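Following: one structure in structure tokens, then a few remarks.
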Protein chains: 2
Amino acid sequence: MFGNELSERKRLILKAIVEAHIEGGDPVGSKYLMENRNITCSSATIRNEMAELESLGYLEQPHTSAGRVPSELGYRFYVDSLAQEYAMTAREIEEINKLLKMKMTEIDQILVMASKVASAITNYTGIAIKPRRSNVTIERFEGFAIDSRSFVLVMMLSNGSVKTRNVRVDNGISTETIGRLTTLLNSYVSGLTTDGITLPIIMDLEREMGGDGELISPIIKSIYEVMNEIDSGELKLSGLDRLLQYPEYADTDRFREMLGALEKKDEILNLVSEAKDDDINVIIGSESAVKVMDHSALVFKPIVKNGKTLGAIGVIGPLRMDYAKVLATIAGLSGRLADLINENSLTDGEDKNGRKGI
Amino acid sequence: MFGNELSERKRLILKAIVEAHIEGGDPVGSKYLMENRNITCSSATIRNEMAELESLGYLEQPHTSAGRVPSELGYRFYVDSLAQEYAMTAREIEEINKLLKMKMTEIDQILVMASKVASAITNYTGIAIKPRRSNVTIERFEGFAIDSRSFVLVMMLSNGSVKTRNVRVDNGISTETIGRLTTLLNSYVSGLTTDGITLPIIMDLEREMGGDGELISPIIKSIYEVMNEIDSGELKLSGLDRLLQYPEYADTDRFREMLGALEKKDEILNLVSEAKDDDINVIIGSESAVKVMDHSALVFKPIVKNGKTLGAIGVIGPLRMDYAKVLATIAGLSGRLADLINENSLTDGEDKNGRKGI
DNA sequence: GTTAGCACTTATCTTTCTCGAGTGCTAACA
DNA sequence: TGTTAGCACTCGAGAAAGATAAGTGCTAAC
């Protein structure tokens with residue numbers, strides 16, 4: 001889409017600068033490029049090219065007598081042109097397979113574990129995301145008595161997860177009443193979104209329950225609670241400490257700002273919720289409207305099953321993150337996860353492809 | 001228990017030093033004490049006393065020409081002698097009441113919310129803890145079919161929480177089989193700890209299930225998973241970013257080390273699991289064996305219901321945290337939480353004491 | 001036991017200086 | 001027209017030096 005206006009040599013130089021900067025973190029100069037990056041022309045020529053690349057917006061100069069640093073546009077060019085895949089080492093594949101062997105059955109745990117692995121392999125911070133899902137409904141209700149004064153309400157949601165709430169009933173409740181209650185809930189409330197549960201419906205429920213009508217109010221409250229829980233998404237970080245080893249986060253204020261935003265988590269969740277479903281998404285600095293990301297990059301991929309987005313895993317790190325490695329890691333991990341999730345009938349230490357270990 | 005060897009004046013001076021240091025964060029000198037802290041003797045006398053307090057281990061001197069700073073022992077003295085309670089402001093009480101009005105029913109959520117409030121009030125980092133509980137058992141099993149090939153296994157645990165797992169059965173499963181299965185589980189497995197579920201028991205189960213014996217293995221796996229989940233405790237932080245505003249965490253390496261340890265979380269969980277149940281626990285720096293805490297302090301209180309520890313809330317911050325305020329906050333919060341948990345039958349915006357708002 | 005006074009210590013802050021990497025520009029060259 | 005060598009210039013990083021001031025320990029007087 002862009003980068004077409006660049007000559008072959010400019011591309012080569014730009015790529016070399018990005019890679020050098022990713023490795024070292026320092027601004028890179030013309031002489032260095034000539035000597036260590038196989039650019040076959042003189043430093044003066046490189047300087048000329050660099051000046052042009054800067055005026056085109058691909059490079060930046062921290063100050064007059066420093067080398068160049070890629071701009072966000074520069075990184076974008078690099079990421080978009082990343083053709084050669086990073087080959088995972090045996091150790092990294094091993095790590096992923098170890099994860100798969102654990103065969104957890106709960107999607108939450110799987111995502112968190114995967115993000116931990118991603119963090120370990122890439123040495124950046126891993127994130128596990130359950131996106132907002134505003135259209136989740138409760139498909140089915142069940143209930144059990146715990147004792148004469150409380151029971152467990154089990155709710156099966158349209159996204160496949162199951163939630164429970166303890167409900168306490170001061171006046172006592174019988175098994176028979178619980179049965180009546182769940183039948184009612186199943187016919188009146190199942191399939192509705194939060195907005196769908198209107199006052200008339202609640203009143204109907206209360207009427208139908210007759211003498212036990214006062215039960216309804218706390219139950220509706222529980223239902224709202226559960227649906228809000230799903231609705232609001234989740235964001236879990238792992239290996240946050242790793243970021244601190246990069247000089248770009250040495251400035252405590254910057255790190256603090258980011259931490260605060262990650263804790264609020266709305267912005268990141270929005271970002272992910274709006275993402276294209278089946279691609280790896282790479283968000284570079286201020287490309288997104290999320291202010292906090294200004295000096296960081298976020299790479300993530302949604303995990304999809306039967307067309308439904310169950311969550312996402314990703315990596316967050318400095319602008320100059322090792323995109324080749326990160327992209328390969330996320331691609332590899334998410335591929336395996338998809339296998340694991342779509343086909344959780346694997347039975348032993350072998351994965352679907354019959355490959356073992358390594 | 002100690003501090004008795006100190007003269008009244010020494011105590012006064014020590015207390016003044018701790019408070020001054022908590023406020024400002026800088027080493028405090030003799031002249032400052034005389035002029036701003038109402039110590040009614042000359043700076044020379046104060047210097048003499050300070051020298052003695054130092055040799056007794058209550059104070060430390062960063063370098064020769066600096067003032068004194070409390071040692072961990074000094075803080076310990078201060079905390080132990082904290083008689084005057086910090087009075088909560090109306091705003092802070094308001095904050096707590098807001099929390100109570102939300103009336104969440106799930107203990108996890110309650111703890112996390114409480115730790116958020118604690119963090120907001122004290123301006124340190126809040127922590128919500130579910131301690132390890134190695135003696136939890138599953139009290140009761142129930143199951144529902146989702147479709148012909150999978151069902152939900154509901155487990156009610158001895159600590160009152162309820163867990164569910166989705167189990168997939170490739171050969172299909174009938175409602176009747178599920179009923180048989182849960183009956184079996186209830187008679188063979190309920191009440192057992194992980195260690196109690198021995199191979200013979202598993203084999204019995206398989207035998208009893210006859211043709212559906214292959215069901216048992218994934219179910220046992222789910223059971224282990226759930227019990228391990230409970231077993232391993234949980235630790236959630238809130239307001240981590242707040243810590244970064246204190247100069248003691250300006251050193252990125254130190255903060256990083258702490259972050260890493262909080263992420264591993266075992267050590268902190270041990271600490272909490274071993275704590276006295278009904279006290280506010282104050283752990284000052286290296287008093288604990290937890291290395292990470294070397295330059296930090298942890299204040300927490302277990303939340304107990306019917307003699308069982310459900311969790312704990314607390315605050316983590318620099319050694320020079322405002323102990324008076326933190327202790328009062330945690331005491332206030334945990335008191336209210338206990339009310340909320342032991343009596344979750346409150347019905348509207350008024351709390352148990354009939355007090356409203358403020 | 002307390003206090004005034006004084007010499008001494010030492011972190012911190014500012015200023016100054018040097019060093020070197022890297023640039024832009026000009027002029028020569030292919 | 002595109003490339004390269006050469007050179008003056010810029011500017012940040014870091015070291016060195018000096019000034020400042022807070023705070024101490026000690027001695028001697030009260």
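Per chain, numbering begins at 1; letters A, B, ... match sequence-line order. Side chains are part of it too, since the values below use all heavy atoms of this structure and drop only hydrogens, waters and symmetry mates. Owing to the predicted nature of the structure, the values given are computational and were not obtained by experimental measurement.
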*What are the residues of residues 59-66 of chain B, sorted by number, that bring a heavy atom to within less than 4.0 Å of DNA chain C?*
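Per residue number, the list reads B/His63, B/Thr64, B/Ser65.
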
*Name the first nucleotide and the last nucleotide along DNA chain C (5' to 3') that come under 4.0 Å of a heavy atom in chain B.*
C/dT2 to C/dA11

*How would you list, by chain and number, every residue that makes a salt bridge (Lys or Arg N to Asp or Glu O under 4.0 Å) with B/Arg47, sequence neighbours excluded?*
none

*Could you tell me which residues satisfy salt bridge (Lys or Arg N to Asp or Glu O under 4.0 Å) with B/Arg254, sequence neighbours excluded, listed by chain and number?*
none

*So, B/Arg91 and B/Glu95, do they make that salt bridge, N to O below 4.0 Å?*
yes

*May I ask you to decide if A/Asn281's main-chain N or O and A/Asp279's side chain share a donor-acceptor pair within less than 3.5 Å?*
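Not a single qualifying donor-acceptor pair exists.
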
*asked:* Check whether A/Tyr124 reaches the backbone of A/Asp322 with its side chain - one donor and one acceptor, N or O, closer than 3.5 Å.
replied: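 At least one qualifying donor-acceptor pair exists.
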
*Strictly below 4.0 Å, heavy-atom distances to any atom of DNA chain D: list the hits from residues 39-52 of chain A, or just say none.*
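Correct list: A/Cys41, A/Ser42, A/Ala44, A/Thr45, A/Arg47, A/Asn48.
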
_Short of 4.0 Å, heavy atom to strand atom, which residues of residues 27-37 of chain A count as contacting DNA chain D?_
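Heavy-atom contacts with DNA chain D come from no residue of residues 27-37 of chain A; none.
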
*Can you name the side chain to side chain donor-acceptor pair (under 3.5 Å) partners of A/Arg256, sequence neighbours left out?*
none

*asked:* Checking B/Ser238 now: which residues fulfil side chain to side chain donor-acceptor pair (under 3.5 Å) with it, not counting sequence neighbours?
replied: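 Partners of B/Ser238 under the side chain to side chain donor-acceptor pair (under 3.5 Å) test: B/Ser115.
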
Shortest non-hydrogen contact between [X] and [Y], atoms and distance:
X	Y	value
B/Ser43	B/Met34	N-SD, 3.3 Å
B/Ser7	B/Glu49	OG-OE2, 4.2 Å
A/Ser288	A/Leu271	CB-CD1, 3.7 Å

Output a table of nitrogen or oxygen pairs between the protein and nucleotides 28-30 of chain D separated by less than 3.5 Å.
none

*asked:* Would B/Ser81 and B/Arg11 count as a side chain to side chain donor-acceptor pair (under 3.5 Å) here? Give the steps.
replied: CA-CA 10 Å; B/Ser81 69; B/Arg11 291 181 187 202; over 6 Å; no

*Might you confirm whether atom NZ of A/Lys116 has over 12 heavy atoms from other residues, nucleotides or ligands at distances under 6.0 Å?*
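No, because the 6.0 Å sphere around NZ of A/Lys116 holds 12 heavy atoms or fewer from other groups.
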
_I'd like to know whether CG of A/Asn38 has more than 12 heavy-atom contacts from other residues, nucleotides or ligands below 6.0 angstrom._
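Counting other residues, nucleotides and ligands, CG of A/Asn38 stays at 12 neighbours or fewer.
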
*Apply side chain to side chain contact (heavy atoms under 4.5 Å, CB included) to B/Glu35 and list each qualifying residue two or more places apart in sequence or on a separate chain.*
B/Lys31

Report all side-chain donor-acceptor pairs from residues 292-300 of chain A shorter than 3.5 Å, counting only partners two or more places apart or in another chain.
unit_1, atom_1, unit_2, atom_2, d
A/Ser296, OG, A/Tyr249, OH, 2.5

*Please round to the nearest 0.5 Å and tell me the distance separating atom OH of A/Tyr58 and atom CZ of A/Phe77.*
7.0 Å

*Rounded distance in Å - CZ (A/Arg68) to P (D/dC11)*: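 Whole-Å distance recorded here is 14 Å.
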
*Check the angle between the aromatic planes of A/Phe255 and B/Phe255 and answer parallel, tilted or perpendicular using the 30° and 60° thresholds.*
perpendicular

*5'-to-3' dot-bracket of DNA chain D (Watson-Crick, G-U; under 3.5 angstrom; crossing pairs as [ ]; | other strand)*: ||||||||||||||||||||||||||||||

